[in-house]
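Structure, as structure tokens:
Throughout, protein chains are lettered first and strands after them, A, B, ... in sequence-line order, and every chain is numbered starting at 1. The analysis underlying the following values was restricted to heavy atoms, covering all of them including side chains, and did not include hydrogens, waters or symmetry mates.
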2 protein chains.
Amino acid sequence: MIAMKTRLLAAGLTALATAALTTDAGAADAAAGRQKAKKCQTCHGIDGIAKIPIAPHIAGESQIYLETQLKAFRSGKREHEIMSVIAKDLSDADIADLSAWYSSVKITATMPQ
Amino acid sequence: MIAMKTRLLAAGLTALATAALTTDAGAADAAAGRQKAKKCQTCHGIDGIAKIPIAPHIAGESQIYLETQLKAFRSGKREHEIMSVIAKDLSDADIADLSAWYSSVKITATMPQ
């Protein structure tokens, strides 16, 4: 009886965890983000390697870092003459998708000898 | 006479430009920055590849971008619970050196297929 309850509990937790993961995955669509990134690529590149020195490379940054920065620009907590304007028009879904795209890029670093 | 003045002017401008470049180069020492980066590496890695999701990769970011962000954290223009504290104790030379170190790392990006 205890074993059955344990199995049911485990099954319930697995279902909950799966639902949570599905929701997260549904909210952040890297392929959609790649399309939306057309408005970012002049400065940050479509691969997240910046085209101009004042813009950061954002390739491979984590989902949470990118979302946090875009939301900070949108709210005014972080300010930049260009990004504050760009971020103002982004929905939560746009931010999730753009962050999913740029975080999906893999980067490697090579230190100078 | 005009030619001589032009040559003198050109020589003067070259000397000024050289002095400016020398000053800049002297102010940003990547090797010194690598040593100073020991206080950054727990979060950002010694190569600029972040160790934790909330910290950005800073490998290969431009000198001007890195300096601007560190100065923004130091002045309070940009805020972060950790970086605001760290940056408060950085001198202009520290900021120049750290920026020189992390900007000297080469990065490559690979987009998902």
Side-chain angles (χ1 to χ4, degrees), chain A residues 24 28-35 37-38 40-41 43-73 75-84 97 99-113, chain B residues 24 28-35 37-38 40-41 43-73 75-84 97 99-113:
Chain A
D24 279 353
D29 180 337
R34 182 178 181 149
Q35 294 305 311
K38 287 174 181 166
C40 317
Q41 68 182 358
C43 298
H44 294 287
I46 195 64
D47 60 356
I49 300 296
K51 304 284 193 190
I52 53 174
I54 60 162
H57 308 307
I58 55 175
E61 300 293 7
S62 72
Q63 179 86 17
I64 185 70
Y65 178 76
L66 292 169
E67 285 198 10
T68 302
Q69 298 313 308
L70 285 170
K71 287 178 180 173
F73 283 125
S75 73
K77 182 175 182 239
R78 185 177 174 186
E79 290 183 351
H80 184 266
E81 56 265 36
I82 299 171
M83 285 307 302
S84 300
D97 292 350
S99 301
W101 167 246
Y102 282 115
S103 68
S104 75
V105 177
K106 303 289 179 219
I107 61 166
T108 59
T110 309
M111 294 194 288
Q113 296 301 313
Chain B
D24 280 351
D29 179 337
R34 182 178 181 148
Q35 294 305 311
K38 286 174 181 166
C40 317
Q41 68 182 358
C43 297
H44 294 288
I46 194 66
D47 60 355
I49 299 297
K51 303 284 192 190
I52 54 174
I54 61 163
H57 307 308
I58 55 175
E61 300 293 6
S62 72
Q63 177 87 19
I64 184 70
Y65 178 75
L66 292 170
E67 285 198 9
T68 302
Q69 298 312 309
L70 285 171
K71 287 178 179 173
F73 282 124
S75 73
K77 182 174 182 239
R78 185 176 174 188
E79 291 182 351
H80 183 267
E81 57 265 35
I82 300 171
M83 286 307 302
S84 301
D97 292 349
S99 301
W101 167 245
Y102 282 114
S103 69
S104 76
V105 177
K106 303 290 178 218
I107 61 166
T108 58
T110 309
M111 293 195 288
Q113 297 299 314

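For Q41(A), the side chain to side chain contact (heavy atoms under 4.5 Å, CB included) criterion is met by K38(A), I46(A), not counting sequence neighbours. Residues forming a side chain to side chain contact (heavy atoms under 4.5 Å, CB included) with A32(B) (at least two apart in sequence, or on another chain): D29(B), D97(B).
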Quiz: residues 48-61 of chain B side-chain donor-acceptor pairs under 3.5 angstrom, not counting sequence neighbours:
residue, atom, partner, partner atom, Å
H57(B), ND1, A50(B), N, 2.9
H57(B), NE2, G60(A), O, 2.9
E61(B), OE1, H57(A), N, 2.6
E61(B), OE2, H57(A), N, 3.4

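With respect to chain A, the highest number of heavy-atom pairs below 4.5 Å among W101(B), Y102(B), Y65(B) belongs to Y65(B). Looking only at heavy-atom pairs under 4.5 Å with chain B, the residue among S104(A), S103(A), A30(A), G45(A) that has the most is S104(A).
Remark: Q69(B) CD to R78(A) CZ distance equals 4.5 Å, nearest 0.5 Å.
Listed by sequence position, V105(A), K106(A), I107(A), T108(A), A109(A), T110(A), M111(A), P112(A) are the residues of residues 105-113 of chain A in contact with chain B, using a 4.5 angstrom heavy-atom cutoff.
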